[in-house]
**Q** 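Dumping the structure here so I can ask a few things about it.
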Amino acid sequence: MSEMIESLKDKLKEKGYKLTPQRRATLDTIMENQGKHMSTEEIYDLVKEKCPEIGLATVYRTLQLLDELDVISKINFDDGCSRYELNNHEEDHQHHHLICLKCGKVIEVEVDLLETLEKEIEENYSFEIKDHKVKFFGYCNTCKKIL
Ligand SMILES: [Zn+2]
Ligand SMILES: [Zn+2]
Ligand SMILES: [Zn+2]
């Protein structure tokens with residue numbers, strides 16, 4: 001946890017920014033809610049509990065900055081708003097997501113069986129793949145039963 005804060009401090013400093021209490025509170029909130037894929041408004045509501053004086057615009061700008069610094073990533077689940085999650089730098093790349101079309105639940109998938117696919121694409125399109133992002137749309141276990 002604190003390692004993350006230290007590395008963020010360095011990244012911010014390189015770009016001429018400071019780790020202000022508002023930025024710190026925003027990152028803390030995302031760290032405390034890992035796996036929740038929150039929207040800007042949802043993050044704002046929680047950050048307000050730590051920093052009552054913070055504005056939505058500040059949270060919005062902080063999220064953009066953290067995204068730019070590769071600390072968090074923006075994901076679009078096609079539900080009309082951008083959501084954010086923490087980047088896990090111990091993994092090579094971000095996990096994949098299962099998105100329920102009925103209740104909107106997002107499930108994280110850790111298995112990655114896409115190496116073969118990547119290899120085939122690289123050969124067939126002579127394209128060097130660096131990363132991929134995959135979203136699966138369908139019905140979760142609960143919604144499946146009441147369809
Ligand atoms: Zn569902
Ligand atoms: Zn996720
Ligand atoms: Zn993958």
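Starting from 1, each residue takes its place in the sequence as its number. For ligands, and for the atoms within them, numbers begin at 1 and follow the listed sequence.
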**Q** Please check if atom NZ in Lys102 has more than 12 non-hydrogen atoms from other residues, nucleotides or ligands closer than 6.0 Å.
**A**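 Correct, the count exceeds 12.
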
**Q** Got a sec: does the NZ of Lys48 have more than 12 other heavy atoms crowding it under 6.0 Å?
**A**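 Yes, enclosed.
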
**Q** Return the name of the atom in Asp112, of element N, O or S, nearest to the Zn ion (ligand 3).
**A**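 Distance check against the Zn ion (ligand 3) picks out OD2 in Asp112.
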
**Q** Using a cut-off of 2.8 Å, count how many protein N, O or S atoms are strictly closer to the Zn ion (ligand 1).
**A**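 For the Zn ion (ligand 1), the figure is 4.
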
**Q** For the atoms NE2 of His96 and NE2 of His132, give the angle they form at the Zn ion (ligand 3), rounded to 10 degrees.
**A**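 NE2 of His96, the Zn ion (ligand 3) and NE2 of His132 span an angle of about 110°.
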
**Q** Look at Asp131 and state whether any of its N, O or S atoms is less than 2.8 Å from the Zn ion (ligand 3).
**A**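 No N, O or S atom of Asp131 is closer than 2.8 Å to the Zn ion (ligand 3), so no.
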
**Q** I'd like to know if the side chain of Lys135 reaches the main chain of Asn76, judged simply by a donor and an acceptor atom lying under 3.5 Å from each other, with no hydrogens or angles considered.
**A**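 Yes, Lys135 side chain to Asn76 backbone: donor-acceptor pair under 3.5 Å.
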
**Q** Between Lys50 and Arg24, is any pair of side-chain heavy atoms under 4.5 Å apart?
**A**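 Result no, sub-4.5 Å side-chain heavy-atom pair not found.
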
**Q** Is the side chain of Arg23 donor-acceptor paired with the backbone N or O of Lys18 at a distance under 3.5 Å, no angle test?
**A**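 Yes, the answer is positive, given that a donor and an acceptor are paired below the 3.5 Å cut-off.
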
**Q** Verify the cluster assignment for Val109 and Val134: are they in a single hydrophobic cluster under the rule of side-chain heavy atoms below 4.5 Å apart?
**A**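 Val109 clusters together with Val134.
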
**Q** May I ask you to check whether over 12 heavy atoms, not counting those of Glu128, lie within 6.0 Å of atom CD?
**A**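 Check fails, neighbour count at 12 or below.
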
**Q** Backbone N or O of Ile129 within a donor-acceptor pair of the Glu122 side chain at under 3.5 Å?
**A**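 Checking the backbone N and O of Ile129 against the side chain of Glu122, a donor-acceptor pair under 3.5 Å is found.
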
**Q** Take the Zn ion (ligand 2) and tell me which protein N, O or S atoms are nearer than 2.8 Å.
**A**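 Hits for the Zn ion (ligand 2) below 2.8 Å: His37 NE2, Glu85 OE1, His95 NE2, His97 NE2, Glu108 OE2.
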
**Q** Tell me, please, which residues at least two apart from Leu117 pass side-chain contact (heavy atoms from CB on, under 4.5 Å).
**A**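 side-chain contact (heavy atoms from CB on, under 4.5 Å) check on Leu117 returns Leu114, Ile121.
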
**Q** For atom CZ of Phe77, decide whether the heavy atoms of other residues, nucleotides or ligands shown that lie under 6.0 angstrom number more than 12.
**A**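 Yes, because the 6.0 Å sphere around CZ of Phe77 holds more than 12 heavy atoms from other groups.
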
**Q** Under the side-chain contact (heavy atoms from CB on, under 4.5 Å) test, which residues partner Glu120, sequence neighbours left out?
**A**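 side-chain contact (heavy atoms from CB on, under 4.5 Å) check on Glu120 returns Asn124.
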
